[in-house]
Amino acid sequence: MLIAKVIGTTVSTIKDEKLTGRKLLIVRQTDEKGDPIGKPFVAVDTVNAGVGDLVLTAHGSSARQTTLTDQRPVDAVIMAMIDSLEVDGEITFQKG
Amino acid sequence: MLIAKVIGTTVSTIKDEKLTGRKLLIVRQTDEKGDPIGKPFVAVDTVNAGVGDLVLTAHGSSARQTTLTDQRPVDAVIMAMIDSLEVDGEITFQKG
Amino acid sequence: MLIAKVIGTTVSTIKDEKLTGRKLLIVRQTDEKGDPIGKPFVAVDTVNAGVGDLVLTAHGSSARQTTLTDQRPVDAVIMAMIDSLEVDGEITFQKG
Amino acid sequence: MLIAKVIGTTVSTIKDEKLTGRKLLIVRQTDEKGDPIGKPFVAVDTVNAGVGDLVLTAHGSSARQTTLTDQRPVDAVIMAMIDSLEVDGEITFQKG
Amino acid sequence: MLIAKVIGTTVSTIKDEKLTGRKLLIVRQTDEKGDPIGKPFVAVDTVNAGVGDLVLTAHGSSARQTTLTDQRPVDAVIMAMIDSLEVDGEITFQKG
């Protein structure tokens with residue numbers, strides 16, 4: 001899984017019918033402090049995440065192992081909200 | 001999923017028989033403003049996309065979870081047209 | 001899928017028995033003009049491709065969705081020969 | 001599989017129900033000496049690993065082939081603790 | 001598949017029970033001449049390969065399509081020994 005930050009939202013009217021009602025968020029991978037690194041990608045939200053939240057994302061076929069994503073054409077899912085991260089004994093991120 | 005822009009088309013006469021009738025478009029990943037970044041790749045169109053459109057693409061086994069791609073040797077699918085993108089409260093892309 | 005150019009061949013006597021009779025070609029991803037970029041990889045040929053041909057390759061589990069690759073330990077397949085590529089209204093590649 | 005070092009821990013209260021009771025560790029890929037390279041990612045622990053341990057991680061659908069991860073939305077798993085690594089006849093890592 | 005060179009071995013006492021008896025080798029991707037490029041990774045051996053051998057590796061779910069790896073938490077497998085490689089009509093690698 002990747003540590004990622006939700007940075008935005010997408011709107012799509014024309015899409016595969018299996019995507020109806022799914023919230024597609026724009027996220028960016030972060031480092032262990034929650035600072036974004038790398039390119040933006042889009043993930044299905046399953047935990048009611050919002051812009052600014054730090055989350056975990058699962059990818060590939062693993063992204064389809066939730067009730068909301070089963071058998072759907074999606075390859076990234078937000079499956080957890082991050083409360084805190086600790087690296088080498090120090091808190092590197094704490095939800096505000 | 002990736003945010004991607006359709007930049008071109010491919011023509012193939014000799015191909016796996018399961019690809020007959022499928023439209024294979026050339027796309028490039030974009031940033032959250034719709035500006036292309038990275039290398040071109042090829043995806044099956046399922047939403048009647050055309051050159052210049054901003055779309056979402058799903059990859060790997062997830063690309064086979066549509067009616068048009070089920071059990072076919074394709075690893076990327078265009079499964080949504082993007083109307084608009086919003087990042088940190090600002091519209092970064094709006095379909096023309 | 002990737003646009004790729006066939007650049008060579010491999011010979012393997014000792015291999016998984018499911019690979020018997022499969023032609024394994026060395027290919028490199030190309031840009032939209034057919035110019036190679038990136039590192040070489042090896043793909044199973046299903047369209048009678050040869051060195052110099054521009055082809056499409058499918059990866060991961062999608063590479064096993066052809067008659068020749070079903071249930072075999074291969075993660076890349078050549079599933080189409082490219083006749084031509086067109087980007088932004090101009091022909092960028094035409095088979096010679 | 002990747003050679004990786006466990007560098008930290010995550011806490012998530014809101015998450016997919018299938019993740020309940022799973023320990024999610026922050027790891028970084030290492031080279032053959034156990035020195036971290038690349039970005040941090042998160043993996044499910046199945047071998048009682050702790051911060052500082054050198055481990056092997058499996059990714060994608062292969063990460064779901066353990067009792068603890070079967071059918072869960074996780075794409076990386078720690079499936080072995082590394083005792084030692086040997087490269088070109090020399091020990092490059094030995095567990096302390 | 002990747003062209004890869006076996007560079008070392010791993011020892012793991014504590015591991016997923018499905019890995020018992022499997023030989024896990026350290027390999028690095030090579031170019032078409034057999035010269036290593038990129039980071040080391042670990043693959044299950046199915047062809048009795050040894051340090052110094054040039055091999056082919058399959059990744060992801062395709063790595064589980066051999067008798068030795070079926071349904072196991074491994075994402076890379078050595079499924080062929082390379083005898084020779086030929087690029088653009090010239091032999092670039094020949095087993096010694």
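Source: prediction; values computed, not measured.
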Say you draw a straight line from [atom1] of [X] to [atom2] of [Y]; how long is it, rounded to the nearest 0.5 Å?
{"X": "A:Lys95", "Y": "D:Ile14", "atom1": "NZ", "atom2": "CD1", "result": "5.0 Å"}
{"X": "A:Thr30", "Y": "D:Lys39", "atom1": "OG1", "atom2": "NZ", "result": "10.5 Å"}
{"X": "D:Ile26", "Y": "A:Met1", "atom1": "CD1", "atom2": "CE", "result": "11.0 Å"}
{"X": "D:Lys15", "Y": "A:Thr46", "atom1": "NZ", "atom2": "OG1", "result": "12.5 Å"}

Side chain / backbone / both / neither for A:Gln29 at chain D, heavy atoms under 4.5 Å: side chain

State whether the side chain of [X] and the backbone N or O of [Y] hold a donor-acceptor pair below 3.5 Å, judged by distance alone.
{"X": "D:Lys18", "Y": "A:Gln65", "value": "yes"}
{"X": "D:Asp16", "Y": "A:Met79", "value": "no"}
{"X": "D:Asp75", "Y": "A:His59", "value": "yes"}

What are the two closest heavy atoms between A:Ser62 and D:Gly60, and how far apart are they? OG-O, 3.7 Å

Only pairs of heavy atoms separated by less than 4.5 Å count here; which of A:Leu56, A:Asp31, A:Thr92 has the most with chain D? A:Leu56

Among A:Gly89, A:Gly38, A:Ser84, single out the residue with the greatest number of heavy-atom pairs under 4.5 Å to chain D. A:Ser84

Given the options [options], which has more heavy-atom pairs under 4.5 Å with chain A than any of the others?
{"options": "D:Val74, D:Val44, D:Val6, D:Thr69", "result": "D:Val74"}
{"options": "D:Leu24, D:Leu19, D:Thr10, D:Thr9", "result": "D:Thr9"}
{"options": "D:Arg72, D:Gln71, D:Arg64", "result": "D:Arg64"}

Checking A:Leu2, A:Ile3, A:Leu85 against D:Val42 for side chain to side chain contact (heavy atoms under 4.5 Å, CB included), the one that qualifies is A:Ile3

Between D:Ala43 and chain A, which part of the residue has a heavy atom less than 4.5 Å away: side chain, backbone, both or neither? backbone

